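Throughout, protein chains are lettered first and strands after them, A, B, ... in sequence-line order, and every chain is numbered starting at 1. Just so it is clear, the model here is predicted, and its values are computed rather than measured.
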Number of protein chains: 2
Amino acid sequence: MDEPGRPDVTDLASRIGRVAAPLRSQVLDVLREAILTMRFAPGQRLVERELIDMTGVSRTTIREVLRELAAEGLVRTIPQKGAVVVSLSAEEAEELYELREVLEAHLARRFVAQAPDSALVALRRAFTRLEDVVERGGTTLDIVQAKDLVYDVLLDGAGNSALRASLSQLHARVTLLRVGSLSSDPGRPAQSVAEMRELVEAVEARDASAASAAMVAHVRAAARLGIAAMRAPATAR
Amino acid sequence: MDEPGRPDVTDLASRIGRVAAPLRSQVLDVLREAILTMRFAPGQRLVERELIDMTGVSRTTIREVLRELAAEGLVRTIPQKGAVVVSLSAEEAEELYELREVLEAHLARRFVAQAPDSALVALRRAFTRLEDVVERGGTTLDIVQAKDLVYDVLLDGAGNSALRASLSQLHARVTLLRVGSLSSDPGRPAQSVAEMRELVEAVEARDASAASAAMVAHVRAAARLGIAAMRAPATAR
DNA sequence: TACTGGACGATTGTCATACGTTCGGTCATG
DNA sequence: CATGACCGAACGTATGACAATCGTCCAGTA
């Protein structure tokens, strides 16, 4: 793949070409972020006019972004009423966690089966970072980010972009609960780290079944808390 | 479910409310259909102006639809160049089939585990229909539709809408190959039916493992042909 | 008082138009 | 033949407009 004597053109292209980031995608990122960090609460209406004032872009752009968010499953578009931030029912939450279980179990297997050694190193590094953040009591946001990084490494190593796409979408939707579940129980982050340690060690031992099992255990634990936390506060509907 | 003495309000609502089907969603359906039936070939550019002339709707609407198609993974939007019908590389095809394998194996298990008897009946009926269509040599489109019906029953019975959403998206993307793989080999449809018969019988025997295995076998067989067919004609890229 | 009916404002759905920017190809020129 | 200026096509974004719809408030009536 590499041509040693020549400068890496690909890298140049990615650096130069991207100065012109489509305005639309920037807005998309901002709004997605706002939803996932609960700056927009589930159930909240996203009125076009307000988004326009908020972002400074035209209605055209806003509307296109809302379509994308809808297709990603982060907002629901009610005819003649507009976009509303998705709020999950307990049932839907269970369904999502069930899917995560299946996909992440596969992710673990895939990673063990075919990740190069460099990916193992990266995984250990990302996990250590997660440990650090949790130990020194980072904010929920910090923890989530560190965790996302771990997943990122896993997805890279698994080398299946379709899996990445599906899981990313799933994670985004589950995140609408995860913030709640992580912050609800002070002991959860540490527990979560312990679960991931199981995973990392199984992976390093190249034990696919153990890794898969550890991942399933992790998702199940998250699911238990996530769903419990959601049944309790009775999110109106 | 039925209240014999009273008119069915739900039905009325679904009949009346839907007269005002958002124009946008109609266009979305039409374009999606056109892509999945290869009326738009993979790699083909979708020029906004042409779509406008073709559908009679405004550019605004067309663009919003294109955003949704992009988020669904059916078109790719190249900055400053516009929408292009996705064309899968052999690698991506393999990734998609791998995912299908995982998700459909789970689908089979879920169905066995929790589908009500009525779903079993529906499954048998849908499968019989598929048999019929294949036996009397229906068109590729007929076969695909009959098969989609089988999957629909399976997804209904599994009762996980998130799984349905993920698999639907996957199927849509795989369909960009499937038409080719089904029509390439005259014996394939019959073989495919045989594989599904395994599945149906395993399901009827309430044997989750067998059902899952049958499903995996089915997907693998489809994958083998689909990928082979795609490496052969060298789809330009 | 409670209910019906209608007016009104807010917001979405859709359209038409406009303009700067970028990409790709043509064509003249050295 | 290669280079660079030129030009048209198409996209990205913005603006303004108007009908249709939904929710709400208010007045009139039983």
Within this structure, what is the [atom1]-[atom2] distance for the pair [X] and [Y], rounded to the nearest 0.5 Å?
X     : Y      : atom1 : atom2 : value
A/L36 : A/R32  : CG    : CZ    : 7.5 Å
B/I35 : B/L176 : CD1   : CG    : 7.5 Å
B/S89 : B/E92  : OG    : CD    : 3.5 Å

Are the side chains of [Y] and [X] in contact, using a 4.5 Å heavy-atom criterion?
X      : Y      : result
B/L107 : B/Y151 : yes
A/L28  : A/R24  : no
A/M215 : A/H106 : no
B/V85  : B/L74  : no

Under a 3.5 Å cutoff, is there a donor and acceptor pairing between the side chains of A/H218 and A/E101?
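No, no side-chain donor-acceptor contact under 3.5 Å.
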B/T61 vs C/dG13: side-chain N/O to OP1/OP2 distance below 4.0 Å:
no
Check whether any side-chain nitrogen or oxygen of A/S58 sits under 4.0 Å from OP1 or OP2 of D/dT13, and answer yes or no.
no
Give a yes or no on whether [X] atom [atom1] has more than 12 heavy-atom contacts from other residues, nucleotides or ligands under 6.0 Å away.
X      : atom1 : answer
A/R129 : CZ    : no
B/E91  : CD    : no
B/R220 : CZ    : no

What's the [atom1]-[atom2] distance between [X] and [N], to the nearest Å?
X     : N      : atom1 : atom2 : answer
B/E64 : C/dC15 : CD    : P     : 10 Å
B/L23 : D/dC18 : CG    : P     : 20 Å
A/I62 : D/dT15 : CD1   : C1'   : 15 Å

With sugar-phosphate meaning primed atoms plus P, OP1 and OP2, does A/T60 contact a base, only sugar-phosphate, or nothing at under 4.0 Å between heavy atoms?
base
List every contact pair, protein side and nucleotides 6-12 of chain C side both N or O, where the distance is under 3.5 Å.
residue, atom, partner, partner atom, Å
C/dT12, OP1, A/E48, N, 3.3

Give every pair of a protein N or O atom and an N or O atom of nucleotides 7-9 of chain D that lie under 3.5 Å apart, one pair per line with the distance.
none

So for the helix from C/dT1-D/dA30 to C/dG30-D/dC1, with five pairs setting each end axis, what is the inter-axis angle to 10°?
10°
